[in-house]
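Remarks on the structure that follows.
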Amino acid sequence: MTLTGPFTEGSAAELANRLRGTQGVVGVVGLGYVGMPVCLAFVASGFKVIGFDVDCRRVERLSEGYCDIPNLDQASFSAAVASGLLKLTADFALLALPDAVVICVPTPLGRHREPDLSHVETTARQIAQTLRVGQLVVLESTTYPGTCDEVMLPALESSGLRFGVDFFLAYSPEREDPGNHQFSIANIPKLVGGADQTSGALAELLYTRAFRQVVRVSSARVAEASKLTENVFRAVNIALVNELKMVYDGMEIDH
């Protein structure tokens with residue numbers, strides 16, 4: 001996939017220019033262990049960033065320049081807040097301001113171990129209320145293939161705007177590894193896939209500003225599948241090691 005996208009005219013071309021320039025604004029929804037590093041990565045790349053969270057008390061504490069996320073660079077966070085490049089808010093009416101909105105909300109499992117997309121669905125509806133021409137929405141939350149096409153897209157289209165013409169949608173799986181000092185958010189390869197080709201190219205342009213290596217795949221569904229596969233692979237490895245531990249303990253083998 002090439003970085004050059006179909007940005008010849010219309011809202012896509014205008015958005016691409018803003019993402020390339022110094023006036024672009026990025027919004028990040030969800031200020032947890034995934035969202036906060038994303039905020040700092042985009043600030044470091046020259047964007048102004050608005051962070052959104054439903055927890056008003058948390059927003060107040062963050063706005064005072066202190067973040068409780070383990071392993072986050074506290075000095076960089078405090079400097080970003082003090083400079084005004086990073087603003088934190090619980091006012092979701094301000095979602096109209098960013099050129100790109102990155103969603104980093106939780107996707108826990110429900111009572112029956114089924115995917116709980118309630119936070120994603122609520123966020124999509126909130127964005128739809130303020131969605132304007134020339135915005136890119138990127139979902140980073142861990143989910144299953146088809147979420148962008150089947151959940152996000154209908155919610156955003158309820159705004160009355162046209163996907164692929166007025167607004168754009170992509171998926172980029174979070175790949176945060178908390179506590180790993182060798183691989184930070186900036187140097188872990190970043191996958192992006194658009195719900196259409198224009199969206200994919202815009203998302204690639206956005207993330208290339210902040211991440212060392214961006215890998216663009218053919219669709220949002222492929223990017224979603226890559227995250228699912230990665231998590232399944234990790235779960236199988238952990239399960240295998242746990243089983244071997246019990247076997248080796250019984251055999252008095254130092255593991």
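Fair warning: this is a prediction, and the values are worked out from it, not measured in the lab.
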Do E157 and F167 have side chains that approach each other closer than 4.5 Å (heavy atoms only, starting at C-beta)? yes
Sub-6.0 Å ring centroid separation between F163 and F168: no
Tell me yes or no: between the side chains of S118 and D116, is some donor less than 3.5 Å from an acceptor? yes
Please determine, by modelled atom types, if T122 and Q126 share a side-chain donor-acceptor pair under 3.5 angstrom. no
Inter-residue atom distance M36.CE - L86.CG, 0.5 Å rounding: 5.5 Å
What is the distance from atom SG of C67 to atom CD of Q74, rounded to the nearest 0.5 Å? 6.5 Å
Quick one: do F92 and V54 satisfy side-chain contact (heavy atoms from CB on, under 4.5 Å)? Show the steps, please. CA-CA 8 Å; F92 282 75; V54 295; 3.8 Å; yes
Determine whether V28 and V49 satisfy the following criterion, side-chain contact (heavy atoms from CB on, under 4.5 Å), listing intermediate values before the conclusion. CA-CA 7 Å; V28 178; V49 177; 4.2 Å; yes
Dump the intermediate steps for side-chain contact (heavy atoms from CB on, under 4.5 Å) on Y207 and V138, then the final yes or no. CA-CA 10 Å; Y207 282 101; V138 184; 3.4 Å; yes
Linking I/L/V/M/F/W/Y whenever their side-chain heavy atoms sit closer than 4.5 Å, directly or via other members, would V101 and L153 fall into one cluster? yes
Once rounded to the nearest 0.5 Å, what's the spacing between atom OG of S159 and atom CZ of R132? 12.5 Å
How are the rings of F47 and F42 set to each other: parallel, tilted or perpendicular (split at 30° and 60°)? perpendicular
